[in-house]
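Just so we're on the same page: letters track the sequence lines, and every chain starts at 1. Predicted model only: the values in this text are computed from it and were never measured.
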Number of protein chains: 2
Amino acid sequence: MTQYMDCIVFLLAKAYQKSQNHLKTRLRPYGLTSVQALLLEALWEEQGLTAGEIGKRLALDNATVSGVLERLADARWIIKKNDPADKRVIRVYLSTKAMKHEASLIQERTTANDEILHGFSDAEKILLKRFLKDLL
Amino acid sequence: MTQYMDCIVFLLAKAYQKSQNHLKTRLRPYGLTSVQALLLEALWEEQGLTAGEIGKRLALDNATVSGVLERLADARWIIKKNDPADKRVIRVYLSTKAMKHEASLIQERTTANDEILHGFSDAEKILLKRFLKDLL
DNA sequence: CAATTATATTTTGTATACAAAGGAAATGGA
DNA sequence: TCCATTTCCTTTGTATACAAAATATAATTG
């Protein structure tokens, strides 16, 4: 029982799942999943991104992006439009609903982060994030 | 683009996915996924665990355990038996195939771990693991 | 200009994670 | 003893991640 408990993949998996749970709980009232909220954040930063650009920015593969976009559009968080200059390209825009919730959703994510990291010192937070970034 | 790049959930997710890829690649020749290999490791440590016990040890929920066990049994890595003392209970045993591959599979996991952490000093490895365990 | 190659997104399929529900067996109290 | 409740695992459903294939459009080449 001790060997795989020291396996980095296992530890990352469980840490991720545990942390994600904090965020998921906070997003539930909005009817959003954490990946959906993440995608909205990318759009708040820059509207009109293509599906491919979103995938690159969020390190999501195109099949996943396609599904997430579809469900976000269905729930009226985004609007998908073809690019007139290239019929293969989908550009994604935020709906009024999304614009209205920007501040609160970002707040939810920030709060979840604080919750997750509440037991760490500032130095430890920086170090942990550096370690994780080094793994990417 | 910078805000969610500092989100702990995002960083953990992507670090996990990136790391898992190393392990997945090494397990592919065996036809095993990383969670399946993880489950086999639990059984090498103790045969005859119940589905529930496996779930507890590996922090897997029962629906997931059920599916993983089913596919492992189908591929002849494990044998599922009812417990005579309690018909609700499933006890899981390793097949000959699994016993034969124990050493090599553990080696694959160890090597993947080394690969993933090759850029970290020994002290950093210890610290990273401590941080992750603190998140659980 | 037509054929070939490349690109963008969607679809299809498998696996895991999780929530909820279902079915069978065991338990405990009246 | 009987029955309501609890327990164990499976099934069902949704979401994401990833691999592969499909479809449509754009670019390149001869």
Side-chain angles (χ1 to χ4, degrees), chain A residues 9-10 12-25 27-28 30-39 48-56 58-75 77-78 80-92, chain B residues 9-10 12-25 27-28 30-39 48-56 58-75 77-78 80-92:
Chain A
V9 175
F10 178 80
L12 282 168
K14 300 307 168 184
Y16 160 62
Q17 285 155 24
K18 186 74 179 287
S19 305
Q20 208 246 125
N21 227 299
H22 288 265
L23 183 53
K24 183 167 59 169
T25 302
L27 295 174
R28 185 170 290 127
Y30 301 86
L32 289 171
T33 65
S34 55
V35 176
Q36 289 172 0
L38 176 72
L39 198 146
L49 294 172
T50 67
E53 284 166 346
I54 289 169
K56 282 202 183 69
L58 304 185
L60 293 174
D61 92 329
N62 43 28
T64 304
V65 170
S66 197
V68 175
L69 287 180
E70 189 62 35
R71 288 182 290 275
L72 278 174
D74 284 349
W77 288 96
I78 60 167
K80 302 200 294 180
K81 293 182 183 176
N82 274 100
D83 188 326
D86 184 340
K87 298 288 170 51
R88 299 169 301 179
V89 171
I90 293 286
R91 287 195 180 276
V92 189
Chain B
V9 175
F10 177 81
L12 282 167
K14 300 307 168 184
Y16 158 63
Q17 284 154 23
K18 186 73 178 289
S19 304
Q20 209 247 124
N21 227 300
H22 288 265
L23 183 53
K24 182 167 62 171
T25 302
L27 294 175
R28 186 170 288 127
Y30 301 85
L32 287 171
T33 65
S34 56
V35 175
Q36 289 172 357
L38 176 72
L39 198 146
L49 293 171
T50 67
E53 284 166 347
I54 289 168
K56 282 204 184 65
L58 305 185
L60 293 174
D61 91 328
N62 42 27
T64 305
V65 170
S66 199
V68 175
L69 287 180
E70 187 64 34
R71 287 182 290 277
L72 278 174
D74 285 349
W77 287 95
I78 60 165
K80 300 200 295 182
K81 293 182 184 176
N82 276 100
D83 186 328
D86 185 339
K87 296 291 170 49
R88 300 169 302 178
V89 170
I90 294 284
R91 287 196 180 275
V92 189

List the residues meeting side-chain hydrogen bond (donor to acceptor under 3.5 Å, both in side chains) with A:K14, not counting sequence neighbours, and say none if there are none. A:Q17
Pick base, sugar-phosphate or nothing for [X], based on heavy-atom distances below 4.0 Å to the nucleic acid.
| X | answer |
| --- | --- |
| A:L69 | nothing |
| A:T33 | sugar-phosphate |
| B:E70 | nothing |
| A:D61 | base |
| B:A63 | base |

Neighbour count above 12 (heavy atom, 6.0 Å) for A:K56 NZ: no
NZ (A:K87) with more than 12 external heavy atoms under 6.0 Å: no
Test item: [X] and [Y] side chains (from C-beta on) under 4.5 Å apart, heavy atoms:
| X | Y | result |
| --- | --- | --- |
| A:I54 | A:L69 | yes |
| B:D83 | B:I90 | no |
| A:L39 | A:W77 | no |

Between B:L49 (CG) and D:dC9 (C1'), how many Å, whole number? 15 Å
Whole-Å distance separating the CD atom of B:Q17 from the P atom of D:dA19: 11 Å
Closest nucleotide of DNA chain C for A:K80 versus for A:A13: which of these residues is on the 5' side? A:K80
Of A:N21 and A:D86, the one whose closest DNA chain C nucleotide lies more 5': A:D86
For A:R88 and A:Y16, take the nucleotide of DNA chain D holding the closest heavy atom to each; which residue's nucleotide lies nearer the 5' end? A:Y16
Nearest nucleotide by nearest heavy atom, which residue falls closer to the 5' end of DNA chain D, A:V68 or A:K87? A:V68
Using the test side chain to side chain contact (heavy atoms under 4.5 Å, CB included), find all partners of B:K18 that sit at least two apart in sequence or belong to another chain. none
Walking along DNA chain C from 5' to 3', note the first and the last nucleotide with an atom under 4.0 Å from a heavy atom of chain B, and give both. C:dA15 to C:dA26
